[in-house]
Every structure is written in C-alpha cells, then in structure tokens.
Amino acid sequence: MQQLFKLNTKNLPLFPPEAAFPEYDRSLIKTGIVYIGVGAFHRAHQAVYTDMVLQTPGNNGWGICGIGFPESDRKIVDSLVQQDGLFTVMITEPDGILTARVIGSIVECLYAPDDPQAVVEKIADPGIKIITLTITELGYNFDPATGEILINEPAVRDDLKNPENPKTIFGYLTLALKRRMVRGLKGLTIQSCDNIPLNGDMLKRLLQAYVAKAEPGMTDWINTEISFPNSMVDRIMPVITNKDKENLKAVFSIDDACPVVCEPYMEWVIEDDFANGRPPWETVGARFVKDVVPYEKMKIRLLNGGHSLLGFMGTLYECKTVDEAVTIPLIAEFLRNFMDREVTPVLGTAEGINLTRYKDILIQRYENPYIKDNLSGICMESSVKIPKFVLPTIRENLEKGAEIKRATTIIAAWCWYLELAGTTGHTWDIEDSMKELLHKNALASVKEDPLAFIKTETLFGDLALSERFATAYLSIIDGFRKYGAEIVMRYIDQIA
Ligand code: CS2
C-alpha cells in the first residue's frame, strides 16, 4: 500500500514528485488580493493564474485571502484552513492522462458569516489592492429582466437597516470601502469573475445604487477611487466526486479534503483598468484588452448558451452529462447550426480569435469524456442564466430579421422540461430559485394560455409581444408535445 500524506505545509517535502508543487517560499507572500467566494471556480481559475505569477520573483505581494461567502463555502474554508490554504487542481487531458498541481496562492482564509468584522477589516487593510468576486449570478441580488438591484429583498433591506453587520455583498463592500475612505487610504479594484455580460459595469451600477441609499456621501469617492474592470472568465469544472479524491490518493499520494477537477483549457480576458496595481497575469496566459465585450459575448453566447441547449435537450434525451449529450449526432448537429447560424452572426470581432477554431475547440471541450459535467448543474438556476445566455441572441436576431428558430427551441425545450419534471419516466428535479413560478407558468401554458411561459415578465420582459418570436415558439413547443425532441430537431426548418 502506497504511503499517503495529508496536504499541508509541513508535509510538502514528503510527497512523491508526480504532482507539481509551489516552488516559492509561501512564508514570504503578502496578501494583496481578497477573493470573495472560494468555491471550485476561483480555485481552478484565478488562484491558478496567481500561483503561476508567484512562481516568478518580484511578485510576493499578490497572495490571496480567500473568503467563504455563501453557506456552501463553509466546508471548503474549514478544509483550506486545515491545509494551510493548499489544495490540488486535478486535470484530465482528453487522452485520459491525469495531472495534479498543488496551488499555493491562497495564503489566508476567512468565513464571512462566522466573522463579518474580520472580513470587513481585511478588505479595509491598506495592503489589499484588489477584491475579486465569484458569488454566482444569484449573489448580486438583481432582477434578471432589468438588471437592477432588488433593493427590497429582505437581505438587502436588513443590510440597509444594520450596516455594521452586513450579509449581502453590497453591505460588506460598502462598510469596508467606507473605512478605507474615512482612513484616507487609496482606492482599489473590484473585479467580478462571474458569467455576466459586462460584469464590472454591472457590479459598479448595483453597488452605486446600494450606496446611494446606504451612504450617499461615498458615491463620488467610489467614482474616482475604485475601478471595476469587466472580464471574461472560462474554465469548465464538474462537481468533484469521491472517486476523484481516491484517484488523487492512489496516483499522487495526496490526501486533500478540497481538491478541484477541471478541464485543461482556461481563459481569462480582462479590461486593463486597475486602480491600485495588479499582478502581471498576462505573463501566465491572461489577455488584457481595452474592450472585453467581443470576448465575453463570444464566450457567454456560444459556450454558456450552448450549455443550456445541451442541458435541456440532453435531459430530455435522458442523458446525465454534457459529453453524453453532445455525442448524440442529432444534438451535435443542431448545436453547431445554432452556433453558426444564429449566434455567430451577432458576434463582433474579438481580436486574435478565429471563431471557427474557437467553436471547434469548444465542441471538443464539451466532448471530453473525463469531464463529467452534470446536466443537472447546467440546468440549475436557468432563470438567471437564460436571460443572459440566450435571450440577447434572440432579441438581436429579431431586430435584424435573422433566424431565431434554434435559440427559440432552447426556450421551448426549457418549458417542456419544466412541464415534464417529476412526471412518470422523467425523474429530474427543477433546481431554481424561481421554481414555483416557472413550473406554474409552464403548466399554465398547456392548459390555459399557450403563451403563459414566455409571458413570465421577470425573465422575458416584453419578448412575448414579438409576433415572430411568439409564433415560432408556439410551433416548436407544439412540436415537442406532439412528436418529441428528436422530431423537433430533425425537422426544425419545417416546424418554424
Ligand atoms: C455553465 C458554466 O453552469 C453553467 O451554466 O455553462 O458554469 C460553464 O461551465 C462555465 O462558464 C465555463 O467557463
């Protein structure tokens, strides 16, 4: 039996050399970045880029303090604390070769709900130059249809009433930034790393809307001292399984309570607008650009929009994972036509990107049989995803008088998926914070008003008023109910 070592600083010299380990002295690293949301995405993405930066001399000031934010982060923070911030990134190449890299860039960890004051003081610390966030779309408390802050949400209202004891991201940022302002400290950068178009602009708008109510005297200071660069982030990571953890033990002798698994590919495009310095992430593969919009549009509309298509179609085909769904030839063909005929024509030019190659690689990424990306996770919280990933494509094509039938099929597939959920032979659950309303409106579209689902205004705005969209949608949903997913995809040109 192979020897096994718990992952921590003391044991680092004991591991066999099969995995890669930090080659820098972690005791010399100072914290310059606060990262809110130390879930899998951050740890397989920005923590990896930063770890690579720390490998080169002169960058000691860019260690990360990882903040656990939602309840689901508690276990991760506990494990990271036990492991001195160390964790492993496991990558399986499409040919099946497994590599492991222990990441050292997280040098401190805090769990916000347990000690909000420590988190606020950390953000207010003069050594902190960047705050980054991955808190998922839901963490921003915004209305998916209008993009405006939900100022009357109970948690937001609580923060306005008890500003010294924050719970929402806006409460935390406002309190900490106020301390920086009052103490005469330099501003900093706040960077969203969530899959939201113009994520930096949106975060600024939401924070300023909150500040206007909570601390109106701070508005100007934020405008001049804080920057909010937009960014496009990309790396697919499935949920880790016990089998993955066992593999890490068996192949690399690493006993790690919180490793992450992900694909080899990663991408990060960032607007170069940092108020108080930044790590040289460009030296390790990140791309700094003036305008992130063409990159982010390409990624969100193709990759995330493509995922939603695979999520619903694959589930209707009784598949469990993305690789299973995308290797069904009819689904693959339908997906590629959606990308080529409906998404590509509304994308701008992203410098340095060959779109055909980008799509080819994207399909290969979906097909990677070692990345068991669950369709249930893809379909989860579609109510915040679809308005960002798919509806803008429909709207822009409607304006241009161009094709919308495949994008509209995603919407009809979503409705049918909701109608069928939990009925005999259809065992999937709807996991969505708008579950009740979605389910009710999908069912009402069968029995009462055929347009009930697309009239859900918080998602679709006034899209149901478009006759072309409504007509296409009605033919397609009718096709699903009468003939099923296969016939709809095969005969989409005749149906809509
Ligand atoms: C996925 C994303 O859950 C989803 O909707 O599309 O998590 C996707 O895997 C990442 O954005 C990849 O960068």
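Just so you know, these numbers come straight off a predicted model, no measurement behind them. Numbering of ligands and ligand atoms starts at 1, following listing order.
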For [atom], what's the nearest protein heavy-atom neighbour? Residue, atom name and distance, please.
atom                    : value
atom 7 (O) of ligand 1  : Asn195 ND2, 4.3 Å
atom 3 (O) of ligand 1  : Lys385 NZ, 3.0 Å
atom 6 (O) of ligand 1  : His307 ND1, 2.6 Å
atom 8 (C) of ligand 1  : Asn304 ND2, 3.6 Å
atom 13 (O) of ligand 1 : Asp234 OD1, 2.6 Å

Q) Do the rings of Phe69 and Tyr172 sit parallel, tilted or perpendicular, given the 30° and 60° boundaries? A)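 Ring orientation of Phe69 relative to Tyr172: perpendicular.
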Ionic contact status for [Y] with [X], cut-off 4.0 Å:
X      : Y      : answer
Asp256 : Lys249 : no
Glu399 : Arg395 : no
Glu419 : Arg481 : yes
Arg278 : Glu282 : yes
Glu396 : Lys297 : yes

Q) Is any N or O atom of Arg235, backbone or side chain, closer than 3.5 Å to an N or O atom of ligand 1? A)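 Min N/O separation from ligand 1 is below 3.5 Å for Arg235.
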Q: Using a strict cut-off of 4.0 Å, indicate which atoms of ligand 1 neighbour a heavy atom of Phe389.
A: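 Answer for ligand 1: 5 (O).
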Q: Can you sort out which atoms of ligand 1 are near Lys299, meaning under 4.0 Å from one of its heavy atoms?
A: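 With Lys299 as reference, the close atoms of ligand 1 come out as 10 (C), 11 (O), 12 (C), 13 (O).
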Q: Verify the distance criterion only: is there a donor paired with an acceptor across the side chains of Asn230 and Glu271 at less than 3.5 Å?
A: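 Distance-only check passes for Asn230 and Glu271.
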Q) Judged by non-hydrogen atoms, does Glu381 sit under 4.0 Å from ligand 1? A)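 It does not; every heavy atom stays at 4.0 Å or beyond.
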